[in-house]
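Below is one structure, written out as structure tokens, with a few remarks after it.
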Amino acid sequence: MKALFVLLLVSWMAPLRANGDLPGWPAAVTEIRVTSSKDASAQPSLWYAPASREPVPLLIGLHTWSGDYKQTTDTYGAPYADWCIRNGWAFLAPNFRGPNRRPEATGSDLAVQDVIDALGAAQSRARIDPSRVFLVGTSGGGHLALLLAGRHPELWAGVSAWVPITDLAAWHADTKKKGLRYRLDIEASCGGPPGTNARVDREYRHRSPLTHLAGARGRLPIDINAGIRDGHDGSVPIRHSIQAFNLLAKEEDRLSKAATDYLVTEATVPESLAKHYAPRLENARRVLFRHESNGARLTLFEGGHEIITKTALEWIRQVAEEKR
């Protein structure tokens with residue numbers, strides 16, 4: 001039976017109470033250790049499961065590029081756990097080798113397997129509904145969410161990725177141009193800058209979601225979101241999100257190169273797209289453009305490098321309800 005991850009569900013509510021061992025996290029959340037099936041190392045995760053005789057959905061929350069499994073802010077981390085606790089879901093936050101600045105992390109086979117192994121541990125500890133396992137991640141978490149969607153589409157009920165990195169070689173060029181340190185993280189992870197040698201270039205391709213996403217086409221709901229000013233005010237140009245959507249969408253529904261270039265450069269919606277979609281307010285934020293095809297959804301909203309947690313959770317909740 002398919003094992004499905006519940007990608008990190010995001011809550012807009014304040015944490016329930018502080019956890020002395022895990023500052024900022026609800027007291028019901030505990031730390032567990034999972035033995036890697038690849039290198040036998042003990043890998044940490046945060047974990048919560050409700051007391052339930054019935055199978056429960058699972059939310060797997062993926063930390064950002066520079067974070068680890070204990071990472072928490074007002075919009076992800078502990079708020080995800082709070083949402084799960086209040087709604088009777090299980091919650092899992094794997095470490096997947098911590099910040100993306102070394103070979104073992106950054107979408108490596110070890111990092112991918114760490115999430116798979118953590119899912120197995122969750123299924124051994126609680127009655128998890130395999131038809132309602134979701135992934136959610138922002139930035140570096142969005143990168144791994146889409147990588148997992150492409151490499152293991154059979155495991156997930158849905159994947160919500162926010163401001164994701166989808167092409168590591170392209171992002172290396174993006175961050176080098178802007179003088180951001182992330183290019184050094186990528187080089188440390190992949191063995192050098194793109195073009196160093198064939199082995200390094202293989203690492204860039206293998207760790208990039210765009211290499212694998214075709215395997216998820218039409219197989220599961222995938223929600224891709226980007227603030228339209230990301231890449232201007234933020235670190236990840238929205239081209240990464242658009243290219244991921246185009247790989248998943250039917251050919252006739254893909255955004256053209258001209259429209260994509262305009263969106264990326266001008267950070268506004270061109271007339272060719274605006275005539276098909278009227279901006280609207282959603283969760284106190286303006287949604288400027290939304291397009292759906294083949295189970296994939298692309299949303300461009302007024303903002304930058306961020307997640308709108310209510311929108312992420314509402315989408316996940318809706319998909320979960322459809323699978324009851």
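This structure is a prediction, so every number in the text was calculated from the model and none was measured.
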Handout entry: Close aromatic pair by centroid cut-off 6.0 Å: His240 and His143
Key =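 Ring centroids of His240 and His143 are no less than 6.0 Å from each other.
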Practice task
Report yes if the distance between the aromatic ring centroids of His291 and Phe245 is under 6.0 Å, otherwise no.
Solution key: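 Yes.
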Any side-chain heavy atom of [X] sitting closer than 4.5 Å to one from [Y]?
{"X": "Glu282", "Y": "Thr311", "answer": "yes"}
{"X": "Arg101", "Y": "Arg181", "answer": "yes"}
{"X": "Arg127", "Y": "Ser52", "answer": "no"}
{"X": "Asn246", "Y": "Leu255", "answer": "yes"}
{"X": "Asn283", "Y": "Glu314", "answer": "yes"}

Practice task
Measure the spacing between NZ of Lys323 and OG of Ser131 and express it to the nearest 0.5 Å.
Solution key: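 Atom-to-atom, Lys323:NZ and Ser131:OG are 7.0 Å apart.
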Problem - Rounded distance (nearest 0.5 Å) linking atom CD of Glu104 with atom CG of Asp114 - result: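 Interatomic distance, Glu104 CD to Asp114 CG, rounded to 0.5 Å: 10.5 Å.
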Problem - Between Gln43 and Ser41, a side-chain donor and acceptor under 3.5 Å - result: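 Ser41 and Gln43 do have a side-chain donor-acceptor pair below 3.5 Å.
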Exercise for the section: Could you point out which residue of Tyr76, Phe96, Tyr69 forms a ring-ring contact (aromatic ring centres under 6.0 Å, His included) with His63? Expected result: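 Exactly one candidate clears the test, Phe96.
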Exercise for the section: Say whether Tyr204 and Leu147 are linked into one hydrophobic cluster, either directly or through other cluster members, by side-chain heavy-atom distances under 4.5 angstrom. Expected result: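 Different clusters: Tyr204 never reaches Leu147 through Ile, Leu, Val, Met, Phe, Trp or Tyr contacts under 4.5 Å.
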Exercise for the section: Can you label the angle between the Trp65 ring and the Tyr182 ring as parallel, tilted or perpendicular, going by 30° and 60°? Expected result: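 Ring orientation, 0 to 90° scale: perpendicular.
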Exercise for the section: Specify whether Phe301 and Trp162 have parallel, tilted or perpendicular ring planes, treating 30° as the upper limit for parallel and 60° as the lower limit for perpendicular. Expected result: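 Ring orientation of Phe301 relative to Trp162: tilted.
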Practice task
Kindly say whether Leu247 contributes a backbone atom to a donor-acceptor pair with the side chain of Arg217 at under 3.5 angstrom?
Solution key: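 Pair found, side chain donor or acceptor close to backbone of Leu247.
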Problem - Lys178 (side chain) donor-acceptor with Gly234 (main chain) under 3.5 angstrom - result: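 At least one qualifying donor-acceptor pair exists.
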Practice task
Would you please test Thr75 and Glu306 for side-chain hydrogen bond (donor to acceptor under 3.5 Å, both in side chains) and show each step?
Solution key: CA-CA 9 Å; Thr75 53; Glu306 58 189 309; over 6 Å; no
